Amino acid sequence: MFIDQCQFLSNEQTTRTQDRKSIVVNVNANDAKIRDNRVVRFAHFAVMNGSGHMFVGNHFFHGDDEVAGVRRGGIIFTQTNVKSILTGNYIDNCFIEWTNEHDASPDFTSGFSFGGLTVTGNIFTVSNVTSAFRWFVIGPRGTGHFLHGFSMTGNTFRPFNATVDRIDEVDTSFADLDRSRSRNVLVQGNSFNNVSQITMNPVTVVHDENTVAATWTVDSGGYLPFGGWARLVDGVVAQNPLRDSGNAVRYDFPYVEIEQGAAKDQIDLRWPVAVRGKVQVTMRMDNPL
């Protein structure tokens, strides 16, 4: 199916977002090409089953005139491995929702889980919302699911008349993701304004240990997407001389212990002797292979 260069205007322009019922398109097969459309104030732009879909160059906006208003999914993917792209779209006062609600047996047993989605070069904006708003929400409907093969690069995120906490979220109303199985996740090169906590994977953090210690706990700082665990360390680089309790320079190298802390979003650096100093640590929430 091809939907190209159309303008869709709902008959619910003055209706609050949460009260709207209209949907532009509901797709239940593969390989829809949806390009260069303008979509104004529907409940949802597209509800997409199947895979192989392309959303390119669309501008869809679904806000209302409320203060601290409710926002809903603009595009809703309803299966796990969608093999789809979102490129060069203007995603305005709505969000991307990704579920497996079309699966009659939604628990993960075998096959592919959430993956096969590339989100590149889009404009994400929103206005007059609470800080709890998110632009990208994964909502597994069954247990055991994980993120495998996801890329979000080169996008820009900016709210107006609002500040949001972060851009990403796992909706755990039905189930959570298995973060021990995250694989091949790239979130890089995005720009953020009026977003309190930016998101990236992998992330390089700077850790400064002011007193000598044999174990340094390094926090990912909330950067890892979707509540990811610190599953892998790509590198540790000293930014200044490491010194022991006698102020002598040490040239030791640590080993790492991953998935530390209550949220498993920290790593421990274990040194052969107690030292102090500053390091850069690159960590990630996935296995890239």
Side-chain angles (χ1 to χ4, degrees), residues 1-27 32-49 53-78 82 84-99 101 117-139 152-169 171 190-196 198-199:
M1 180 169 64
F2 298 88
I3 304 176
D4 286 346
Q5 297 183 353
C6 299
Q7 176 166 251
F8 298 95
L9 306 176
S10 84
N11 63 350
E12 299 178 299
Q13 298 290 312
T14 60
T15 305
R16 296 188 310 171
T17 298
Q18 61 267 36
D19 298 329
R20 295 177 190 151
K21 303 183 184 302
S22 54
I23 299 172
V24 173
V25 59
N26 182 16
V27 173
K33 312 300 186 293
I34 302 177
R35 298 170 293 203
D36 300 324
N37 300 288
R38 183 174 183 267
V39 179
V40 184
R41 291 197 171 188
F42 287 78
H44 310 292
F45 173 19
V47 179
M48 309 295 292
N49 194 18
H53 304 306
M54 300 174 63
F55 286 86
V56 181
N58 303 284
H59 185 177
F60 46 104
F61 42 107
H62 302 292
D64 55 26
D65 299 322
E66 298 290 302
V67 176
V70 174
R71 298 293 178 260
R72 300 170 72 180
I75 296 173
I76 302 171
F77 293 105
T78 64
V82 293
S84 296
I85 65 168
L86 297 171
T87 301
N89 300 283
Y90 197 135
I91 300 164
D92 188 337
N93 273 282
C94 58
F95 55 92
I96 306 304
E97 185 174 357
W98 193 5
T99 77
E101 62 193 74
L117 182 59
T118 299
V119 183
T120 304
N122 301 282
I123 297 171
F124 289 86
T125 194
V126 72
S127 58
N128 298 314
V129 293
T130 70
S131 61
F133 173 82
R134 303 289 185 266
W135 276 290
F136 202 100
V137 179
I138 299 177
M152 177 185 284
T153 60
N155 304 282
T156 181
F157 297 90
R158 183 181 175 184
F160 290 89
N161 301 321
T163 298
V164 302
D165 294 333
R166 58 186 302 130
I167 67 167
D168 56 295
E169 181 179 66
D171 181 352
N190 303 292
S191 66
F192 305 85
N193 295 99
N194 291 338
V195 177
S196 300
I198 69 175
T199 299

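Keep in mind that this is a model prediction, so the values were computed, not measured. Hydrogens, waters and symmetry mates play no part in the numbers below; they use all other heavy atoms, side chains included.
Ring geometry for Phe133 against Phe95 counts as perpendicular: the plane angle is over 60°, on a 0 to 90° scale with 30° as the lower cut.
To the nearest 0.5 Å, atoms CG (Asn37) and SG (Cys6) are separated by 5.0 Å. Taking OG of Ser10 as the start and CD1 of Ile23 as the end, the distance is 12.0 Å to the nearest 0.5 Å. In this structure, Lys21 NZ and Asn11 CG are separated by 12.0 Å, a value rounded to the nearest 0.5 Å. Within the model, atoms OG1 of Thr120 and CG of Asn155 stand 6.5 Å from one another, a figure rounded to the nearest 0.5 Å. Note that CG of Asp168 and CZ of Phe136 are 9.5 Å apart. Values are rounded to the nearest 0.5 Å. The distance from atom CG of Asp171 to atom OG1 of Thr99, rounded to the nearest 0.5 Å, is 9.5 Å.
No more than 12 heavy atoms of other residues, nucleotides or ligands sit less than 6.0 Å from atom CD of Gln5.
Every side chain to side chain contact (heavy atoms under 4.5 Å, CB included) that Thr156 has, sequence neighbours left out, goes to Ile123, Ser191. Taking the side chain to side chain contact (heavy atoms under 4.5 Å, CB included) definition, one finds that Asn161 meets it with Asn128, sequence neighbours left out. The side chain to side chain donor-acceptor pair (under 3.5 Å) search around Arg134 returns none, not counting sequence neighbours. Listed by chain and residue number, Arg71, Val126, Ser127 satisfy the side chain to side chain contact (heavy atoms under 4.5 Å, CB included) test with Asn93 (two or more places apart in sequence, or in another chain). Not counting sequence neighbours, the partners of Arg16 by the side chain to side chain contact (heavy atoms under 4.5 Å, CB included) test are Gln18, Asp19, Asp64, Glu66.
When side chains are defined from C-beta on, Asn89 counts as touching Phe60, because their heavy atoms get closer than 4.5 Å. The closest side-chain heavy-atom distance from Phe55 to Phe45 is below 4.5 Å. Counting heavy atoms from C-beta outward, Ile167 and Phe192 have side chains that approach closer than 4.5 Å. Here the side chains of Ile76 and Trp98 are not in contact, with every heavy-atom distance at 4.5 Å or above. A 4.5 Å side-chain heavy-atom check between Thr78 and Val47 finds at least one atom pair inside the cut-off. Side-chain contact between Ser84 and Phe77 is present, with at least one heavy-atom pair separated by less than 4.5 Å. Residues Phe42 and Phe8 form a side-chain contact, since some pair of their non-hydrogen atoms from C-beta on lies under 4.5 Å apart. Val164 is not listed as a side-chain neighbour of Asn194, based on a closest heavy-atom distance of 4.5 Å or more.
Between the side chain of His44 and the backbone N or O of Gly73 there is at least one donor-acceptor pair closer than 3.5 Å. Side chain of Arg35 to backbone of Asn58: no donor-acceptor contact under 3.5 angstrom is found. Of the possible polar contacts, none joining the Asn122 side chain to the Tyr90 backbone as a donor-acceptor pair under 3.5 Å is found.
One side chain, Ser22 or Glu12, offers a donor N or O that lies under 3.5 Å from an acceptor on the other. Side-chain contact of Arg41 with Gln13: a donor-acceptor pair under 3.5 Å is absent, judged by distance alone.
Across every non-hydrogen atom of Leu117 and Val119, the tightest pair is CG-CG2, 4.0 Å. In this structure, Arg20 and Ala43 approach most closely via the heavy-atom pair O-CB, 3.6 Å. When all heavy atoms of Val129 and Gly69 are compared, the closest pair comes out as CG1-O, 3.9 Å. Nearest heavy atom pair, residue Thr17 against residue Arg72, reads O-NH1, 3.0 Å.
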Exercise. Side chain to side chain contact (heavy atoms under 4.5 Å, CB included) between Val40 and His59: does it pass, once the steps are laid out?
Worked result: CA-CA 8 Å; Val40 184; His59 185 177; over 6 Å; no
Exercise. After noting the C-alpha distance and the side-chain angles of Lys33 and Ile3, does the key distance pass the side chain to side chain contact (heavy atoms under 4.5 Å, CB included) rule?
Worked result: CA-CA 6 Å; Lys33 312 300 186 293; Ile3 304 176; over 6 Å; no
Problem set entry | Intermediate values then yes/no, side chain to side chain contact (heavy atoms under 4.5 Å, CB included), Val39 and His62 | CA-CA 8 Å; Val39 179; His62 302 292; 3.7 Å; yes
For this session: Report the C-alpha distance between Trp135 and Phe157 in whole Å, list the side-chain angles of each, state the deciding distance to 0.1 Å, and finish with yes or no for side chain to side chain contact (heavy atoms under 4.5 Å, CB included).
Result: CA-CA 9 Å; Trp135 276 290; Phe157 297 90; 3.5 Å; yes
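Annotation: salt bridge (charged side-chain N to carboxylate O under 4.0 Å, His left out) contacts involving residues 85-98, sequence neighbours excluded, are absent.
In summary, of the residues considered (Ile91, Val195, Asn190), a side chain to side chain contact (heavy atoms under 4.5 Å, CB included) with Phe124 occurs for Ile91 alone.
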